[in-house]
Amino acid sequence: VLSIRGAQEEEPPDAQLMRLDNMLLAEGVSGPEKGGGSAAAAAAAAAAGGGGAGADNSAEHSDYRAKLSQIRQIYHTELEKYEQACNEFTTHVMNLLREQSRTRPISPKEIERMVGIIHRKFSSIQMQLKQSTCEAVMILRSRFLDARRKRRNFNKQATEILNEYFYSHLSNPYPSEEAKEELAKKCSITVSQVSNWFGNKRIRYKKNIGKFQEEANMYAARTAVNAANVSSHGSQANSPATPNSAASLSASVG
DNA sequence: GGCAATGATTGAAA
DNA sequence: TTTCAATCATTGCC
C-alpha cells in the first residue's frame, strides 16, 4: 500500500513522459520516417522568415532538417540499444531465477515484480534520453529562429535615409510612430527594425560623438543643400515642412 | 584570422 | 511601452 501510494504521490508518473513523447512526435523525431519532421521544420522556417528577405531560406531550411535528422538518428539508435539491453537483461534475470528455482521456491509474483523493476529502471533511462533529445531539439530550434544568426546589413540607400533623418533631427532623434512607419516603408524594412536602428544609432552616437562628427557634417550639409534647392524652386506652396526651420537652417549654413 | 561595424536581443529603468 | 546600455552574432574589410 505504501509503495502504491508513494508511486501515485510522486507527481504524475508518466505525465512528463507523455509530454516528452508528444514533443518528440511534434518535432518529427519520434514519428514516422518522413513527413512530420519536414512539417515541423517548415513551420519553424515560416516563423523564422517573418523578418525580411527570406530568399536564402531553403538553404537554412535544409540545414535545419539535416541537423534534426542527425538528432533523430542518434535518438533512434540509442533507443533501440536501450530496448535491446532491457530485453537481454530481463532474459538474463529470468534465467537466473529459473536456476534459483531449483534450490528454492519462486512465485510467479516474484518474477513479475523483478521484471517490473527492470522495466522501470530502463524506462527511466529512456526518459533521460528523451529529455536530452528534447533539449537538443530546443537548442537547434532556438538557434535556427534566432534572428541574430541571419542578420543582413541594410542596403546603402536605406542607411542613407535613416542617417538623413537622424542627423536632421539630431536635437531630438526620436521619430514618432508615423515617422517610423514612413521610414520603414522608404527603406523596405520593418518598423521594429527602424526602432532598433535608432536605438543603436542614438546610443552609439552618444558614446562617441567625435567618431560620428564627419558623418554628421556630411548629412547636415546635404540637408542644407536640399533645403536650398527646395526654396529656390519656389515650392513653398505644396511643402508641408515648416518653412521657418528650413529657412533658418539654410540661412545658417549657406 | 583579427578586428571594427552593425543589426538584433535582453533586462533594467523611466 | 519605449528607451537605454550591454551584449551577442554576423558581416565585411584588411
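Keep in mind that this is a model prediction, so the values were computed, not measured. Residue numbering restarts at 1 for every chain, and letters A, B, ... go by the order of the sequence lines. Keep in mind that the numbers below use all heavy atoms, side chains included, and drop hydrogens, waters and symmetry copies.
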Could you list all the salt bridge (charged side-chain N to carboxylate O under 4.0 Å, His left out) pairs where at least one residue sits in residues 98-108 of chain A, not counting sequence neighbours? Arg104(A)-Glu110(A)
Do other residues, nucleotides or ligands put more than 12 heavy atoms under 6.0 Å from the CE atom of Met23(A)? yes
Is the count of non-hydrogen atoms from other residues, nucleotides or ligands lying under 6.0 Å from Met18(A) atom CE greater than 12? no
Enumerate the salt bridge (charged side-chain N to carboxylate O under 4.0 Å, His left out) contacts for residues 83-95 of chain A, please, sequence neighbours excluded, ordered by first and then second residue. none
With a 4.0 angstrom cut-off to heavy atoms of chain A, pull out the first and last contacting nucleotide of DNA chain B, in 5'-to-3' order. dA5(B) to dT9(B)
Results of ring-ring contact (aromatic ring centres under 6.0 Å, His included) for Phe122(A) - residues two or more places apart only: none
Does His169(A) have any ring-ring contact (aromatic ring centres under 6.0 Å, His included) partners at least two apart in sequence or in another chain, and if so, which? Tyr165(A)
In B/S/- notation, 5' to 3', how is nucleotides 9-14 of chain C contacted by protein heavy atoms closer than 4.0 Å? BBSS--
Residues in contact with DNA chain C, drawn from residues 198-206 of chain A - heavy-atom cutoff 4.0 Å: Arg202(A), Ile203(A), Arg204(A), Lys206(A)
Can you confirm whether more than 12 heavy atoms, excluding those of Glu181(A), are under 6.0 Å from its CD atom? yes
Residues from residues 172-180 of chain A lying under 4.0 Å of DNA chain C - heavy atoms: Tyr174(A), Lys180(A)
Sequence-distant partners of Ala136(A), side chain to side chain contact (heavy atoms under 4.5 Å, CB included), two or more places apart: Ile71(A)
Applying side chain to side chain contact (heavy atoms under 4.5 Å, CB included), can you list everything that pairs with His119(A), at least two apart in sequence or on another chain? Cys86(A), Thr90(A), Val115(A)
Salt-bridged, Glu182(A) to Lys185(A), with N to O below 4.0 Å? no
Enumerate the salt bridge (charged side-chain N to carboxylate O under 4.0 Å, His left out) contacts for residues 209-225 of chain A, please, sequence neighbours excluded, ordered by first and then second residue. Glu160(A)-Arg222(A), Glu164(A)-Arg222(A), Lys201(A)-Glu215(A)
Ser30(A): partners by side chain to side chain contact (heavy atoms under 4.5 Å, CB included), with sequence neighbours left out: Leu24(A), Leu25(A), Tyr75(A)
